[in-house]
S.K.: 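Before I ask anything, let me first share the structure, which is written out below as structure tokens.
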Amino acid sequence: MYVLLKILVVFVGSLLLSIGINGFLVPHHLLDGGVEGIALILHYYFDYPTGVAVCFLGMPICLYAWFYDRTLFYNSFLGLFTASILIDWLEPLKTQFNLSIFPSVLLGGIFIGVGVGLMLRYKISTGGTDLLAQMISKSFSINIGVIILVIDCLIVTFAFYTMDLKTFLFSCLTIIIIGVITAIMAKSSNFH
């Protein structure tokens, strides 16, 4: 029964993440942090499929988890592939919501934060930097949402030179919203 619950959580969390990315971030060329942020940069500038990029970029972290902690590996492997498939499958959502940038930031941040936070609550990840954050949190007893926020901010800071100031600032706001929601949702999990 617990396995079926985890599969449902992977699907719902990945679905929320995919809606947040495609429905709200992509129309305004906003970035998420982590592996998804790097994948979005590849999508915006090279028209590379976001989900495929997420899969390829997340695979080395996922494989590292195989040696670090097999439970984390198993809990992230399904998340990595489910999120990757749903991100590309739901790509048509980028033309479905005609919202201005601020509501898109809020809704995208909420959808992604709830999706990632829900999965982390059940010790599941999408195999990217949230998996890396799980390993760091487990080793140093730091809230996983805070770790994700720091990693995401670093990635967006590196991407600063590829975007205009407005997009950069709104991407930062998106990441803060995602980080806060993820931290709140993951706080009650057993990562400490």
Side-chain angles (χ1 to χ4, degrees), residues 1-18 20-21 31-43 48-89 111-159 175 178-192:
M1 188 63 157
Y2 188 67
V3 173
L4 290 176
L5 176 63
K6 278 197 164 190
I7 292 170
L8 179 63
V9 168
V10 166
F11 180 76
V12 171
S14 297
L15 182 65
L16 292 171
L17 171 75
S18 302
I21 288 172
L31 292 180
D32 184 2
V35 166
E36 287 86 3
I38 298 168
L40 285 168
I41 292 168
L42 293 172
H43 175 71
Y48 202 76
T50 310
V52 171
V54 166
C55 188
F56 280 116
L57 293 167
M59 190 58 69
I61 300 169
C62 205
L63 290 175
Y64 176 74
W66 173 263
F67 300 103
Y68 177 81
D69 183 335
R70 294 278 166 93
T71 303
L72 284 177
F73 170 79
Y74 293 122
N75 287 341
S76 62
F77 192 73
L78 180 62
L80 174 64
F81 283 103
T82 304
S84 297
I85 290 167
L86 286 177
I87 287 170
D88 284 347
W89 186 58
F111 270 86
I112 295 167
V114 170
V116 171
L118 176 66
M119 287 191 279
L120 290 175
R121 208 175 182 135
Y122 287 89
K123 297 186 181 184
I124 301 166
S125 77
T126 56
T129 50
D130 48 340
L131 173 58
L132 183 62
Q134 279 182 312
M135 292 187 271
I136 293 169
S137 177
K138 190 174 180 182
S139 297
F140 297 103
S141 297
I142 301 170
N143 182 289
I144 194 166
V146 173
I147 297 168
I148 290 172
L149 180 61
V150 169
I151 293 171
D152 290 353
C153 286
L154 287 173
I155 289 170
V156 169
T157 301
F158 287 125
I175 287 168
I178 293 167
V180 167
I181 291 173
T182 301
I184 290 168
M185 291 193 69
K187 189 174 184 179
S188 65
S189 67
N190 297 322
F191 289 117
H192 306 88

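Heads up: numbering here begins at 1 and tracks the sequence. Treat the numbers as computed from the prediction; the structure is a model and nothing was measured.
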S.K.: If we only count heavy atoms from C-beta on, is the Arg121 to Val9 side-chain gap below 4.5 Å?
M.R.: no
S.K.: Can you find a pair of side-chain heavy atoms, one from Val54 and one from Thr126, that are under 4.5 Å apart?
M.R.: no
S.K.: When rounded to the nearest 0.5 angstrom, what distance separates CG in Asn75 from SG in Cys62?
M.R.: 10.0 Å
S.K.: Please report the interatomic distance CG(Leu40) to CG(Leu31), rounded to the nearest 0.5 Å.
M.R.: 6.0 Å
S.K.: CE/Met135 to CZ/Phe140 distance, rounded to the nearest 0.5 angstrom?
M.R.: 12.0 Å
S.K.: Below 4.5 Å, heavy atoms only, C-beta onward: do Phe11 and Leu86 meet side chain to side chain?
M.R.: yes
S.K.: Quick one: OG1 on Thr182 to CD1 on Ile112, what's the gap to the nearest 0.5 Å?
M.R.: 9.0 Å
S.K.: Taking all atoms of both residues into account, what is the closest heavy-atom pair of Cys55 and Leu80, and its distance?
M.R.: CA-CD1, 4.0 Å
S.K.: Without swapping roles, check the side chain of Thr82 against the backbone of Leu78 for a donor-acceptor pair under 3.5 Å.
M.R.: yes
S.K.: Check the angle between the aromatic planes of Phe73 and Trp66 and answer parallel, tilted or perpendicular using the 30° and 60° thresholds.
M.R.: perpendicular
S.K.: Would you say Met185 and Leu120 make side-chain contact, with heavy atoms under 4.5 Å?
M.R.: no
S.K.: Got a second to check how far Ile175's CD1 is from Asp32's CG, nearest 0.5 Å?
M.R.: 6.0 Å
S.K.: Around atom OH of Tyr48, are there more than 12 heavy atoms from other residues, nucleotides or ligands closer than 6.0 Å?
M.R.: yes
S.K.: Give the minimum heavy-atom separation between Gly79 and Ser14, together with the two atoms involved.
M.R.: O-OG, 4.0 Å
S.K.: Step through the shown structure and confirm whether more than 12 heavy atoms of other residues, nucleotides or ligands are within 6.0 Å of CZ on Phe56.
M.R.: no
S.K.: So which atom in Ala39 and which in Leu57 form the shortest heavy-atom distance, rounded to 0.1 Å?
M.R.: N-CD1, 3.9 Å
S.K.: Less than 4.5 Å apart, any side-chain heavy atom of Ile61 and any of Tyr64?
M.R.: no
S.K.: Is the shortest heavy-atom distance from the side chain of Lys123 to the side chain of Thr71 under 4.5 Å?
M.R.: no
S.K.: Distance-only criterion, 3.5 Å: show the donor-acceptor pairs between side-chain atoms of residues 146-158 and protein atoms not counting sequence neighbours.
M.R.:
residue, atom, partner, partner atom, Å
Asp152, OD1, Gly34, N, 2.9
Thr157, OG1, Cys153, O, 2.7

S.K.: With rounding to the nearest 0.5 angstrom, report the CG to NZ distance, Leu8 to Lys6.
M.R.: 13.0 Å
S.K.: Could you tell me whether a side-chain N or O of Asp88 sits under 3.5 Å from a main-chain N or O of Val52, the two making a donor and an acceptor?
M.R.: yes
